[in-house]
Amino acid sequence: MERYRVKPKSSIDPSQWDPNDRSAFDGGKKKGRKALLALNERLEMLQELLYAENRHKVLVVLQAMDTGGKDGTIRHVFEGVNPQGVRVANFKVPTPKELAHDYLWRVHQQTPAQGEIVIFNRSHYEDVLVVRVHELVTAERWGRRYDHINQFERMLVDEGTTILKFFLHIDLDEQKERLQARLDEPHKRWKFNRGDLKERQLWPAYMEAYEDVLSKTSTAYAPWYIVPANRKWYRNLVVATVLVETLEGLGMSYPESEENLDDVEIE
Ligand code: AMP
Ligand code: MG
C-alpha cells in the first residue's frame, strides 16, 4: 500500500493521481469483494484484540469531496466488526458553541481512548478545506493551522494514538454520476442537497486546498493515503488493507489470564 502513502514534505497535486488506478490487486470486482470479506474477518479479530489489550488507540480520518464515499467506506470496511469499541465521529457545520471555541476543541473530545477505534467522518481538516474555500476565516488564520494540526497529531501519537488518514479520491465525472444517482434512485434522494452543486462548482478551489493538506500534513507519524476511489470495491480494499496491516504491525497480544485456569472446575 506504500504506493498510495504520501511521503512527508512531498509536493502533491491530486490531479496527478489516478482515481481509477487498481494496480495493487489482481482481478476485478468479484475477486475484490471476496478479498474484502477476508479482510473484514481479520479486522474483526484485530479489533477484538485491540479491545482486550486495552492499550492502543486508533484514529482513522476520512476526507473526500461530496459523494466521495466516506459513508460507504465505513459501512463496508467495518462490516462485521463489534460495535463495542468502534465509534464514528461526524463533523458537520460547527454549532455556535463549537464556533465559540478553537477549531480543535470539538475534535479533541472525539479522539479515541485506549482499546478504541474512532473513525472521523470529516475532521479537523475541514478547517483548512471548506473554511479556506469559503473564506470563513482570514487566510492568515487558516494558514497557521497546518502547523497546529501537525503538532496536535504529534501529541496524540506521542501519547499512544495510531493515526491513519485517507483521502478518497474521485474525479469530477464520477461525482456527476453519483449526484445523478442520488436524484434518480428514490432511496438515495435524502442524500441530495442543492448545496452540493454549488460546492461542485468550487472543485478547483477544493483541489488547491487538498493540495496543501496532502503536501503539508502527511507526516511519518500520521500519514495520508490517497485512495483511488472511482471504483468502490477497490477503495474499500485499499482502506481495509492499510488498516489491517497497520493493526497487525502493532504487535498486540491478549492479556495474561489468571493462573492455573486448567484446574478450574465449574459445578
Ligand atoms: P455531510 O458530510 O454531507 O453531512 O455535510 C457536512 C457539512 O459540514 C459539509 O458541507 C462540510 O463542509 C461541513 N463542515 C464540516 N466541518 C466544517 C467546519 N469546520 N466549518 C464549516 N463547515 C464544516
Ligand atoms: Mg453531503
Side-chain angles (χ1 to χ4, degrees), residues 14 59-78 87-111 118-153 156 163 165-170 172 174-185 187-214 216-217 224 227 229 232 235-236 239:
L59 174 59
V60 177
V61 172
L62 295 181
Q63 283 291 155
M65 295 296 285
D66 289 319
T67 76
K70 300 186 301 299
D71 298 326
T73 300
I74 295 169
R75 203 164 59 239
H76 290 105
V77 170
F78 290 88
R87 183 160 59 79
V88 180
N90 287 289
F91 294 97
K92 308 261 181 189
V93 178
T95 63
K97 187 176 174 185
E98 287 168 346
L99 276 178
H101 290 80
D102 67 85
Y103 66 99
L104 290 175
W105 180 75
R106 67 171 180 167
V107 175
H108 200 178
Q109 293 177 61
Q110 300 289 349
T111 54
V118 173
I119 306 152
F120 278 8
N121 187 348
R122 301 186 192 270
S123 65
H124 42 303
Y125 286 98
E126 293 292 331
D127 294 288
V128 284
L129 290 164
V130 64
V131 168
R132 166 178 170 166
V133 169
H134 287 277
E135 299 177 15
L136 301 179
V137 304
T138 62
E140 194 191 4
R141 208 163 143 197
W142 59 252
R144 287 192 294 253
R145 291 181 171 176
Y146 304 96
D147 280 343
H148 303 159
I149 288 172
N150 285 336
Q151 291 294 322
F152 172 63
E153 292 180 357
L156 294 176
I163 304 180
K165 303 183 293 202
F166 298 99
F167 170 50
L168 311 179
H169 181 36
I170 59 167
L172 257 180
E174 182 65 24
Q175 190 191 52
K176 185 175 183 193
E177 274 184 35
R178 293 186 187 184
L179 286 171
Q180 190 63 48
R182 286 184 181 182
L183 283 175
D184 295 346
E185 294 170 39
H187 70 281
K188 287 187 178 169
R189 280 211 163 178
W190 67 275
K191 274 198 167 191
F192 188 88
N193 45 65
R194 285 189 170 82
D196 290 351
L197 300 182
K198 260 201 206 145
E199 297 307 290
R200 179 173 162 77
Q201 298 297 317
L202 297 169
W203 188 281
Y206 272 104
M207 286 307 116
E208 241 177 74
Y210 267 110
E211 207 172 311
D212 270 342
V213 162
L214 297 165
K216 294 182 179 185
T217 65
W224 275 106
V227 181
K232 295 170 182 171
R235 170 202 76 200
N236 295 337
V239 174

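First listed ligand is number 1; within each ligand, the first listed atom is number 1. Computed over heavy atoms, backbone and side chain alike; hydrogens, waters and symmetry mates excluded. All values reported here derive from a predicted model rather than from experimental measurement.
- Residue-ligand proximity, V130 to ligand 1, at heavy-atom distances under 4.0 Å covers atoms 12 (O), 17 (C), 20 (N), 21 (C), 22 (N), 23 (C).
- In the vicinity of V131, heavy-atom distances shorter than 4.0 Å reach the ligand 1 atoms 20 (N).
- When the heavy atoms of R122, K70, E199 are ranked by distance to atom 1 (P) of ligand 1, first place goes to R122.
- Residue R141 places its CZ atom among 12 or fewer non-hydrogen atoms of other residues, nucleotides or ligands, all under 6.0 Å distant.
- In the vicinity of D127, heavy-atom distances shorter than 4.0 Å reach the ligand 1 atoms 19 (N).
- Atoms of ligand 1 found under 4.0 Å from any heavy atom of F91 (numbered from 1 in listed order, with element): 15 (C), 16 (N).
- Side-chain N/O atoms of Y103 and H148 include a donor and acceptor closer than 3.5 Å.
- The shortest N or O to N or O distance between V93 and ligand 1 is below 3.5 Å.
- Using a 4.0 Å heavy-atom cutoff, E98 is absent from the residues neighbouring ligand 1.
- The CG atom of D66 sits 7.0 Å away from atom CZ of R182, with the distance rounded to the nearest 0.5 Å.
- Under the salt bridge (Lys or Arg N to Asp or Glu O under 4.0 Å) criterion, E98 pairs with R106, not counting sequence neighbours.
- A side-chain donor from one of D184 and Q180 sits under 3.5 Å from a side-chain acceptor of the other.
- Taking any N or O of R106, backbone or side chain, at least one lies under 3.5 Å from an N or O belonging to ligand 1.
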Donor-acceptor contacts under 3.5 Å from residues 126-136 side chains, at least two apart:
residue: E126; atom: OE2; partner: Q63; partner atom: NE2; Å: 3.0
residue: E126; atom: OE2; partner: R122; partner atom: NH1; Å: 3.0
residue: R132; atom: NH1; partner: Y146; partner atom: OH; Å: 3.1
residue: R132; atom: NH1; partner: D212; partner atom: OD2; Å: 2.7
residue: H134; atom: NE2; partner: E199; partner atom: OE1; Å: 3.0
residue: H134; atom: NE2; partner: E199; partner atom: OE2; Å: 3.0

